[in-house]
Asks: 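Below is the structure I would like to discuss, written out as structure tokens.
Note that ligands are numbered from 1 as they come in the structure, with each ligand's atoms numbered from 1 the same way. Numbers here are sequence positions counted from 1.
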Amino acid sequence: MGKSIHLKQLELGVCYYPEHWKEELWEDDFKRMRELKMSTIRVGEFAWALFEPEEGVFEFGLFDRALDAAHRHGLKVIMGTPTATPPAWLTHKYPEVLNAAQDGTIYRHGMRRHYNYNSPKYRELCAIITREMAEHFKDHPAIVGWQLDNEFNCETSVFHAEADHAAFRRWAQRKYATLEALNEAWGTVVWSQTYTDWEQVYLPRPTVADSPNPHLALDGKRFISDSVLEFAQIQADILREVAPQHEVTTNGMFGHLDSHALTDQLLDYFSYDSYPQFSTIFPSADEKPLLDRKWSLNLSAVRDVSPNFCIMEQQAGPGGWVNRIDMPSPRPGQMRLWTYQSVLHGADRVMYFRWRTATVGTEIYWHGLNDYHNRPNRRVREAAQVGREFAAVGAKIAGSTYQAKVAILRDYDNEWDGEFDVWHGPLTARSTNAWYKQLQYRHIPADMVYLRRESGEELERLSRYELLVYPHAAILTEQTAELLTAYVEGGGKLIFGARTGYKDERGHCRMQPFPGPAAQLCGITVEDFTLIKGTVQAPALRWTKNGESRETFAEDFNDILNVEDPAVEVMAEYAEDYYAGRPALTKRRQGRGEAWYYGAAFSEPVVDTILDLLNIQAPTADWLTVSEQVEIGIRANGQGSYVFLLNYGADAASIVLSEPRNDLLSGTKIEGAGEIPAYGVLILE
Ligand code: GLA
């Protein structure tokens, strides 16, 4: 189990920037926050130029006054370390702290996150400002915790400064010890890429056709993740030493960063920034997209890091930057709905971003609760409703956790390798989407589980699930295969998709039949395979067990399977092309469980058919009928079980309850046929 935030009550709060406003606004702002029943603010994370206007000169007066005022109003404070925004004096004097593009072009002052993690000078300066702040604020009665930096790896998750190349060289030396081992791991025998001196080793630099060595590219991402951890550790250590009574967290889940390791190693709990509208503004070919509801998938990944977490930034209006990102205004009710989306998935503290829209800078269109005019508006009224509701029901829900019997598995190695490798990466996005969507539409709650520790504890964690789907584990270690075999033997059902197990952890293709270490468990091998692309059509499937009449096709990639074990049942075969009649979907019993192998990427109709075959029901199937547009999820603890119904539709959704239930939010009893209003929320006890 990951580390969680521990609160007795759901808490509401908001991000506040005292440095953006005239001081005479503060008192009124804090007073109104309390009227909205907010308890916590986050401040300070970008204010380095104020805290240290010149090197070694520290000024905390503005924040002292702001914190005192917040405290007078009974607000708690999370203080950010400001290291995402090095001041102009700093980068001017020490340009080696700046990050660079792959071609070496230095990123200059003018935005944020323009630093690199490996510059010794930057680490030193960050340690100094962190210690100064910790010493100065440690006894302030308003402060409860710290946010490290802001959104590690947001805006960019690749680093090419000289300091990064040098640190990568040392990292590679620690990992491989000899150049011989490094050359072997990176397969440098191909195209005379052999390194004969450590000084020749770099993170991926510009190459012809933008195609760096793939094994090096994967290691480069592991290195970036390790760099973030090292960088963050320095700040966490200082805060633990100077202010041991305070919590330490950080916000955001971004690429090339093992957020699980980060949390286990140095945080008290994980925090996330939730902007569900990002999943609605890009065009999609999907016929029935999940839209903002798809954000629940991200929140499920966050929950795998910390079962109860903090939302450091919850969308409080339309988001926008001056030159990119432009979002429509949330409809009345949507902000509240998204707040409960976060709560359903495990958030116990939710802080809106931000109190008031900035009147200057890149984010003048990233709307806060209050607008420029600072007069009452519908977003403030909506937040007030949430505040009242949290106050009324928050003690019951805090500390309860999301309940799921199905999990989709993923892991960092495949995520990072798959960004680069077009022969498996795109399959994972496709299949994860199809599974998540069909589970959502069938009201079957699902977790996202990252496979990490190959230990007994991991087996215990997996064994809580009836069904695991590991869509395309191209990289699969022997230990993971053993772990999954033990899961199946203990009674679990496991489903793999195409391309499983053909790579080892270095990204080398194995000289053995696919699915490599999973072949025995599945009882099949892959003799031949093809991408489905261009003029090649996806072949239809013929289902052997359930007379499936829906049109289903084996999309994107086809593994043509050989049955190797008499215990294997062929559930579907390819109905077309040169491999017509060959197995496409197989099932093998082992111990008390089942291992399934599907030779293609999962499409929605295929997932549906498999779910029918597995006969997995929604946990509320006995007493609740509800339309597809509603997300259902359950949070439970020793005291009770809370069924959240979230209507993402612009129309009312019908529900039928065959047993009476109490709706916590309205305090009314519901039975028989009813409706959830557009963007409405019910929490049934
Ligand atoms: C991120 C950042 C915030 C703000 C918002 C909106 O989540 O952490 O500082 O920029 O996005 O863009």
Side-chain angles (χ1 to χ4, degrees), residues 13-21 40-51 77-87 107 110-115 145-157 228 232 235 249-255 257 259 262 267 270-282 292 295 298-299 301-302 305 309-330 334-335 338-339 341-342 347 349-372 379:
V14 70
C15 301
Y16 190 64
Y17 298 92
E19 71 276 29
H20 293 183
W21 310 107
T40 315
I41 57 174
R42 180 201 58 182
V43 301
E45 79 279 15
F46 299 126
W48 195 339
L50 286 162
F51 293 139
V77 174
I78 296 173
M79 176 66 84
T81 65
T83 51
T85 47
Y107 293 128
M111 229 285 264
R112 61 178 178 186
R113 304 212 55 76
H114 43 300
Y115 70 89
W146 296 79
Q147 170 188 300
L148 303 182
D149 199 281
N150 187 73
E151 295 194 330
F152 289 120
N153 284 2
C154 179
E155 273 118 27
T156 183
S157 58
V228 180
Q235 297 186 23
T249 186
T250 192
N251 57 331
M253 193 179 219
F254 294 92
L257 173 54
S259 297
L262 180 79
L267 304 179
F270 193 55
S271 299
Y272 184 65
D273 298 338
S274 191
Y275 295 97
Q277 224 168 2
F278 271 118
S279 48
T280 69
I281 57 172
F282 301 107
D292 45 336
W295 205 256
N298 299 4
L299 291 162
V302 172
V305 181
F309 52 89
C310 164
I311 294 288
M312 200 60 89
E313 302 177 13
Q314 176 75 43
Q315 185 163 356
W321 277 15
V322 171
N323 60 328
R324 62 188 189 101
I325 311 180
D326 40 354
M327 295 183 186
S329 196
Q334 263 187 328
M335 259 175 52
W338 295 334
T339 306
Q341 179 182 33
S342 292
R349 178 188 283 142
V350 181
M351 322 252 283
Y352 287 110
F353 183 86
R354 49 187 280 164
W355 175 248
R356 187 167 37 240
T357 316
T359 57
V360 289
T362 301
E363 294 201 328
I364 53 177
Y365 306 118
W366 211 290
H367 295 76
L369 291 174
N370 291 276
D371 228 317
Y372 318 107
R379 299 199 294 270

Asks: Test of understanding: given a 4.0 Å heavy-atom threshold, classify the contact between Asn150 and ligand 1 as side chain, backbone, both, or neither.
Replies: side chain
Asks: Establish, from distance only, whether the side-chain atoms of Thr280 and Asp292 form a donor-acceptor pair under 3.5 Å.
Replies: no
Asks: Among protein heavy atoms, which sits nearest to atom 8 (O) of ligand 1, and what does the distance come to when rounded to 0.1 Å?
Replies: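 That would be Glu313 OE2, 2.6 Å.
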Asks: Can you figure out which of Glu363, Arg112, Glu151, Arg42 has its heavy atom closest to atom 9 (O) of ligand 1?
Replies: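 Residue with the shortest heavy-atom distance to the ligand atom: Arg112.
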Asks: Within the side chain of Asp326, is there an N or O that forms a donor-acceptor pair under 3.5 Å with the backbone of Gly320?
Replies: no
Asks: Below 4.0 angstrom from a heavy atom of Phe46, which ligand 1 atoms are there? Numbered from 1 as shown, please.
Replies: 9 (O)
Asks: If the threshold is 4.0 Å, N to carboxylate O, is there a salt bridge linking Glu313 and Arg42?
Replies: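 Answer for the salt bridge query: yes.
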Asks: Checking Gln277 side chain against Gly319 main chain: does a donor-acceptor pair fall under 3.5 Å?
Replies: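 Here the side-chain-to-backbone pair does not exist.
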Asks: State which residue, out of Val14, Ile311, Thr40, fulfils the side-chain contact (heavy atoms from CB on, under 4.5 Å) condition with Met351.
Replies: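 Option passing the side-chain contact (heavy atoms from CB on, under 4.5 Å) with Met351: Thr40.
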Asks: Checking contacts here: is it the side chain or the backbone of Glu45 that comes within 4.0 Å of ligand 1, counting heavy atoms only? Could be both or neither.
Replies: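 Answer for Glu45: neither.
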Asks: Would you mind running through ligand 1 and noting each atom that sits below 4.0 Å from a heavy atom of Trp321?
Replies: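 Checking each atom against Trp321, I get 12 (O).
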Asks: May I ask whether Met312 places a heavy atom under 4.0 Å from ligand 1?
Replies: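 Distance cut 4.0 Å: Met312 fails for ligand 1.
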Asks: Give the numbers and elements of all ligand 1 atoms closer than 4.0 Å to a heavy atom of Trp366.
Replies: 6 (C), 12 (O)
Asks: Please check if any side-chain donor atom of Ser274 sits under 3.5 Å from a side-chain acceptor atom of Trp295, or the reverse.
Replies: yes
